[in-house]
Amino acid sequence: MDISVSFSKTRPPPFSPSLCRQLSLRPNAPQLLRFSRNNGTFRRKPPPTISRPNKLAVTAIQISNLSENEDDFVLEDVPHLTDFLPNLPSYPNPLQKSQGYSIVKKTFVSPEDVVAENVVIQKGSPRGVHFRRTGPREKVYFKPEEVRACIVTCGGLCPGINTVIREIVCGLNNMYNVEDILGIEGGYKGFYSKNTMMLTPKVVNHIHKCGGTFLRTSRGGHDTHKIVDNIEDRGINQVYIIGGDGTHKGAALIYEEVKKRGLQVAVAGIPKTIDNDIAVIDKSFGFDTAVEEAQRAINAAHVEVESVENGVGIVKLMGRYSGFIAMYATLASRDVDCCLIPESPFYLEGREGAGQEYIAAEVHAADKKDASGNKLLLDIGPWLSDKIKDHFSMSRKMAVNMKYIDPTYMIRAIPSNASDNIYCTLLAHGAVHGAMAGYTGFTVGPVNSKHAYIPIARVTEKQNKVKLTDRMWARLLASTNQPSFVASDQERVEKEIMNI
């Protein structure tokens with residue numbers, strides 16, 4: 001079995017100096033260690049071959065026959081500034097003198113603390129991939145008075161963006177005494193076409209109570225060289241980028257250019273998408289709020305159709321290619337009779353292909369894309385409404401009271417709820433701790449409920465989608481009692497089973 005594992009060329013291994021000496025490890029060399037539960041020791045793996053899949057992916061190594069030892073342990077590391085600036089000095093973490101952290105039993109996260117990608121494993125299987133745990137480190141690689149940080153938001157709106165902005169600013173200021181923080185207005189192009197604003201705890205004090213983004217946003221506009229030129233000219237040394245898949249691909253390019261120029265600039269990502277389609281992490285911020293608001297729309301449709309004769313309600317929810325919002329809102333409401341998602345093509349009057357492909361065939365739609373490179377999707381809601389009305393009027397000779405609700409922008413534009421506010425705080429503080437500790441080219445997120453630093457390439461290599469072979473989809477089918485469209489899904493289900 002081959003597994004891709006990220007590692008950095010010169011980053012010290014996540015083990016104590018004494019353990020390094022016992023294993024004859026060089027402190028600043030890439031290491032791959034396996035832990036054997038049988039005798040309770042680490043052992044060194046022979047040097048693996050190195051491959052570079054593409055320019056956005058972090059360096060990867062291939063480990064063959066990984067299952068030869070059931071206790072194999074793999075750390076998928078994130079880059080560090082010392083990878084390309086080996087003589088970079090470190091400093092004591094200011095949190096040592098923090099009044100708030102003085103009550104914490106263990107102020108700093110151990111470099112040996114990791115988070116497992118998979119917590120459910122079978123006997124005889126390897127321990128698998130792990131990520132570095134987030135949190136403050138004992139040493140930092142920036143003096144607070146020399147930090148000039150910037151924050152930028154890109155892509156579509158999502159509940160919680162303002163909370164993340166606020167907590168990055170307050171985290172830098174309250175925990176690390178950083179006072180020089182810039183807000184980049186209008187997305188990536190704001191680096192070279194817009195003015196910046198100074199951000200202080202006072203300026204951002206109330207923004208979490210509002211929807212949208214305080215810094216405004218845009219799609220596209222990414223010019224790596226112009227952006228890094230601006231970062232260098234302004235003396236920025238910490239960049240916090242809030243965005244989804246395309247935004248993180250841009251963040252990876254910024255990191256690569258910063259590394260190429262040898263700049264002491266930490267690049268940290270905070271994954272944002274209301275669709276919950278970011279890989280590796282448990283869920284994206286704003287998703288809980290979106291499901292909660294979507295449930296209100298479903299409840300409204302249910303009241304409408306229950307109050308009239310022959311009532312039929314259709315609620316169109318956002319999600320692009322992933323049906324997580326629709327699936328979870330359906331399970332939460334318990335009033336839905338049929339949930340249609342992109343992962344499961346459905347039949348319409350015995351015909352396959354209903355959905356985007358079917359509408360495109362009828363209206364001869366062009367293959368257009370937005371500024372972020374995403375395919376512009378056709379509106380299935382009105383089309384499906386017309387098809388249902390035609391079916392009952394022509395086949396059944398029956399008039400129906402159709403109620404169609406599209407709450408898309410209501411869901412995107414609202415402030416985050418309590419759960420997402422807490423989550424956004426953890427993400428923001430995790431990013432701040434990581435950047436101050438010298439990590440770069442990373443994103444943050446919960447993996448099995450524990451927050452971790454994740455290589456950017458891991459969250460951009462694929463998109464999360466609802467698995468039709470998962471128990472959650474089975475629960476939805478049991479709740480709605482809808483057809484499973486098995487024949488239409490057979491090929492996709494077989495592929496999922498092969499990938500389990």
Side-chain angles (χ1 to χ4, degrees), residues 149-169 181-199 203-204 206-224 226-228 230-231 234 236 238-254 267-278 284-287 289-290 293 318-320 325 369-377 408-416 420-421 423-424 427-428 431 443-445 456 459-460 463:
C150 75
I151 307 171
V152 64
T153 60
C154 307
L157 297 183
C158 175
I161 297 176
N162 283 334
T163 305
V164 175
I165 295 171
R166 182 188 188 278
E167 294 309 315
I168 291 175
V169 173
I181 309 169
L182 302 177
I184 306 297
E185 299 182 78
Y188 273 138
K189 64 183 180 183
F191 275 100
Y192 52 84
S193 65
K194 297 276 186 179
N195 291 326
T196 60
M197 65 172 70
M198 291 297 300
L199 299 178
V203 170
V204 300
H206 299 290
I207 65 174
H208 63 291
K209 299 177 182 179
C210 305
T213 166
F214 178 71
L215 296 176
R216 298 196 297 277
T217 186
S218 66
R219 295 188 183 275
H222 186 278
D223 187 316
T224 305
K226 284 185 178 180
I227 291 172
V228 179
N230 186 272
I231 289 171
R234 291 180 182 272
I236 295 169
Q238 289 186 11
V239 182
Y240 297 92
I241 301 172
I242 307 169
D245 177 74
T247 301
H248 271 68
K249 289 179 180 177
L253 291 174
I254 292 172
V267 179
I270 297 91
K272 168 207 66 78
T273 171
I274 200 171
D275 306 328
N276 197 38
D277 59 358
I278 294 180
S284 51
F285 75 79
F287 178 69
T289 305
E293 191 67 14
M318 62 192 306
R320 199 170 290 277
I325 294 179
K369 295 184 178 181
D370 64 18
S372 296
N374 300 311
K375 183 178 178 181
L376 290 174
L377 301 179
T408 297
Y409 295 104
M410 293 174 61
I411 290 174
R412 295 196 333 170
I414 64 174
S416 53
D420 272 322
N421 269 334
Y423 179 25
C424 290
L427 289 173
T443 192
V444 293
I456 289 179
V459 300
T460 59
Q463 290 181 319

*Asks:* Identify, with sequence neighbours excluded, every residue that meets ring-ring contact (aromatic ring centres under 6.0 Å, His included) alongside H222.
*Replies:* Y188
*Asks:* Who passes side-chain contact (heavy atoms from CB on, under 4.5 Å) against I207, sequence neighbours left out?
*Replies:* N162, I165, R166, V204, F214
*Asks:* Can you tell me how far OG1 of T247 sits from CZ of R219, rounded to the nearest 0.5 angstrom?
*Replies:* 8.0 Å
*Asks:* Measure the CD1-OG1 distance between I161 and T153 for me, rounded to the nearest 0.5 Å.
*Replies:* 6.0 Å
*Asks:* Do side-chain atoms of T217 reach the backbone of G155 as a donor and acceptor pair under 3.5 angstrom?
*Replies:* yes
*Asks:* Out of the candidates T196, V228, V239, only one should pair with F191 under the side-chain contact (heavy atoms from CB on, under 4.5 Å) rule; please name it.
*Replies:* V239
*Asks:* To the nearest 0.5 Å, what is the distance between CZ (F287) and CD1 (I411)?
*Replies:* 10.5 Å
*Asks:* Closest heavy-atom contact between T443 and P271?
*Replies:* OG1-CD, 3.1 Å
*Asks:* Specify the closest pair of heavy atoms between I274 and G286, including all atoms of both residues, with the distance to one decimal.
*Replies:* CG1-O, 4.3 Å
*Asks:* Tell me, yes or no, whether the heavy-atom count around M410 atom CE, taken from other residues, nucleotides or ligands under 6.0 Å, exceeds 12.
*Replies:* no
*Asks:* Give, for atom CD1 of I242 and atom CD1 of I184, the distance between the pair rounded to the nearest 0.5 Å.
*Replies:* 12.0 Å
*Asks:* Taking only residues two or more places apart in sequence or in another chain, which ones pass salt bridge (charged side-chain N to carboxylate O under 4.0 Å, His left out) with R216?
*Replies:* E185
*Asks:* Got a second to check how far D245's CG is from Q463's CD, nearest 0.5 Å?
*Replies:* 5.5 Å
*Asks:* Can you name the residues that form a side-chain contact (heavy atoms from CB on, under 4.5 Å) with T273, not counting sequence neighbours?
*Replies:* D275, D277, I278, S284
*Asks:* Just wondering, do C424 and E167 contact through their side chains at under 4.5 Å, heavy atoms?
*Replies:* no
*Asks:* List the atom of S218, the atom of G186, and the distance in Å for their closest heavy-atom pair.
*Replies:* OG-O, 2.7 Å
*Asks:* V152 vs L215, test: side chain to side chain contact (heavy atoms under 4.5 Å, CB included). Steps then yes/no.
*Replies:* CA-CA 7 Å; V152 64; L215 296 176; 5.9 Å; no
*Asks:* Using modelled atom types and a 3.5 Å cut-off, is there a donor and acceptor pairing between side-chain atoms of D420 and backbone atoms of T289?
*Replies:* yes
*Asks:* Please round to the nearest 0.5 Å and tell me the distance separating atom CD1 of I168 and atom SG of C150.
*Replies:* 10.0 Å
*Asks:* Would a distance-only check, ignoring hydrogens and angles, find a side-chain to backbone donor-acceptor pair under 3.5 Å from K272 to G156?
*Replies:* yes
*Asks:* Report the residues that fulfil ring-ring contact (aromatic ring centres under 6.0 Å, His included) with F285, sequence neighbours left out, ordered by chain and then residue number.
*Replies:* none
*Asks:* Would you say T213 and L157 make side-chain contact, with heavy atoms under 4.5 Å?
*Replies:* yes
*Asks:* Flag the pair I181 / M198 as yes when at least one side-chain heavy-atom distance between them is below 4.5 Å, and no otherwise.
*Replies:* no
*Asks:* Mind checking side-chain hydrogen bond (donor to acceptor under 3.5 Å, both in side chains) for Y240 and listing every partner two or more places apart, or none if nothing turns up?
*Replies:* Q238
